[in-house]
Amino acid sequence: MRGKGLKIIKDYAIITVGCLLYSFAFVCFFDSNNLAMGGFTGIAQVINRFIPSLPIGTMVFVMNIPLMIIGIKKQGWSILFTTIYAITVSSAMIDTLNALIDFPKTEPLLACLYGGVLLGISLGIMMLKSATTGGTELAARLLKYVIKSISIGKICLIIDVTVICIYALTFRSLDNALYGIMAMYISSIAMDMVVYGSVNAKLAYIISDKSDDISQKLMDMELGATIISGRGAFTGDSKNVLMCAARPNKIARIKAAVMELDPKGFVIVTDAKEVLGEGFGEYSEDSL
């Protein structure tokens with residue numbers, strides 16, 4: 001129980017850091033420069049333009065309710081607690097920063113770059129701990145169950161760009177909308193780097209006449225390998241191809257081992273976005 005309690009405290013501390021980065025990015029780069037943002041906030045702004053009697057904050061909260069209900073069914077009550085915590089803390093931090101600091105306007109391109117990076121990092125940190133600030137991020141997390149082939153960052157980008165386009169048509173502010181789209185694109189890249197970057201791996205294909213010796217060397221290094229039967233296109237000779245998934249910091253040792261045993265060996269190293277299995281990640285229906 002003590003270990004579980006410490007894990008919960010650590011998770012909420014990380015979510016708090018994510019909320020701080022999110023709030024700072026919004027106040028310093030988006031709000032102070034009137035850059036368009038997507039999500040439920042943008043939708044609420046558009047509705048408020050036509051129906052001023054409907055408060056933006058209330059509409060954002062109401063729009064989040066159906067998503068929270070679906071989220072509870074998909075991921076349990078934990079997503080409700082973490083999301084409510086993230087929404088509450090980030091909102092309080094935004095109001096506090098606005099009250100304490102009058103951020104000056106920034107050159108729009110710089111605001112897009114730094115604001116987008118910070119926003120993406122903050123959202124990625126929170127998503128890794130099953131928390132979101134509601135709106136786009138929560139909708140994207142739920143859509144990921146249906147659209148498994150698209151990354152979480154790209155789903156957020158599609159939703160945000162759609163909302164920003166509606167914002168531009170409503171407020172006739174093309175420049176701010178274009179800068180907003182640029183910032184959301186940068187944010188989606190940063191978010192994917194945080195969410196998927198922690199599970200990045202390298203995949204090495206090794207073609208050598210000494211595949212048995214090399215495979216034994218890899219096992220001595222506590223690395224696994226799969227032997228694939230192949231045939232040289234030019235010579236027609238049968239060859240074994242070793243396929244080895246490894247962490248990036250192991251690749252130099254793999255190349256050195258191959259060259260030591262077979263200086264004429266052929267090594268191809270590619271990026272593996274995600275690897276599931278022993279020593280790497282584990283599959284879960286909640287995986288992003």
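Along the sequence shown, the residues carry numbers beginning at 1. All of these numbers come straight from a predicted model, not from anything done at the bench. As a basis for the values below, the full set of heavy atoms in this structure was taken, side chains included, without hydrogen atoms, waters or symmetry mates.
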> Are any side-chain N or O atoms of S187 and backbone N or O atoms of A183, one a donor and one an acceptor, separated by less than 3.5 Å?
no
> Between D237 and R231, does any side-chain N to carboxylate O distance fall below 4.0 Å?
no
> What pair of heavy atoms forms the shortest contact from S208 to G265, and how long is it?
CB-CA, 4.4 Å
> With a cut-off of 3.5 Å and sequence neighbours excluded, list every side-chain donor-acceptor pair involving residues 217-224.
from: D220; atom 1: OD1; to: Q216; atom 2: NE2; distance (Å): 3.2

> If hydrophobic clusters are built by linking Ile, Leu, Val, Met, Phe, Trp and Tyr wherever their side-chain heavy atoms come under 4.5 Å apart, do L113 and L123 end up in the same one?
yes
> Testing the basics here: between S32 and P104, what is the closest heavy-atom pair and its distance to 0.1 Å?
OG-O, 4.0 Å
> Going through the distances and angles, do K202 and D271 end up as a side-chain contact (heavy atoms from CB on, under 4.5 Å)?
CA-CA 5 Å; K202 297 287 186 178; D271 289 324; 2.5 Å; yes
> Taking all heavy atoms of D209 and all of D262, pick out the closest pair and write down the distance.
N-OD2, 3.8 Å
> Which heavy atom of S23 sits nearest a heavy atom of S90, and at what distance?
OG-O, 3.1 Å
> For the pair M93 and V27, evaluate side-chain contact (heavy atoms from CB on, under 4.5 Å) and give the outcome as yes or no after the intermediate values.
CA-CA 10 Å; M93 286 182 174; V27 175; over 6 Å; no
> Using the side chain to side chain donor-acceptor pair (under 3.5 Å) criterion, which residues pair with Y85? Sequence neighbours excluded.
T16
> Can you tell me if K255 has over 12 outside heavy atoms packed within less than 6.0 Å of its NZ?
no
> To the nearest 0.5 Å, what is the distance between OG1 on T226 and CG on N240?
12.0 Å
> What closest approach, in Å, do M126 and C19 show between heavy atoms, and which atom pair accounts for it?
SD-SG, 3.9 Å
> Calculate, to the nearest 0.5 Å, the distance between atoms CG and CG belonging to L97 and D102 respectively.
12.0 Å
> Cluster question for you: counting only ILVMFWY and a side-chain heavy-atom cut-off of under 4.5 Å, with indirect links fine, are I94 and V89 together?
yes
> Measuring from I14:CD1 to I9:CD1, what's the distance to the nearest 0.5 Å?
12.5 Å
> For residues I254 and A246, report the shortest heavy-atom separation together with the two atoms involved.
CD1-CB, 3.8 Å
> When rounded to the nearest 0.5 angstrom, what distance separates CD1 in I227 from CD1 in I206?
10.5 Å
> Is it the case that one hydrophobic cluster holds both Y114 and Y179, taking links as side-chain heavy atoms less than 4.5 Å apart, direct or via other members?
yes
> With heavy-atom distances below 4.5 Å as the criterion, would you say the side chains of V194 and M127 are in contact?
no
> Look at atom NZ of K264 and say whether more than 12 heavy atoms of other residues, nucleotides or ligands are closer to it than 6.0 Å.
no
> Measure the spacing between OG1 of T82 and CD1 of I8 and express it to the nearest 0.5 Å.
11.5 Å
> Are I189 and M191 connected into the same hydrophobic cluster when the rule is that any two of I, L, V, M, F, W, Y join if their side-chain heavy atoms are below 4.5 Å apart?
yes
> F103 and ring-ring contact (aromatic ring centres under 6.0 Å, His included): which single residue from F29, F24, F26 fits?
F24
> Checking N33 side chain against T106 main chain: does a donor-acceptor pair fall under 3.5 Å?
yes
> Quick check for you: to the nearest 0.5 Å, what is the distance between L20 atom CG and S122 atom OG?
9.5 Å
> For residues L109 and I186: do they belong to one hydrophobic cluster (side chain heavy atoms under 4.5 Å, members Ile, Leu, Val, Met, Phe, Trp, Tyr)?
yes
> Apply side-chain contact (heavy atoms from CB on, under 4.5 Å) to the pair Y22 and L119, showing each step before the final yes or no.
CA-CA 5 Å; Y22 175 87; L119 187 68; 3.4 Å; yes
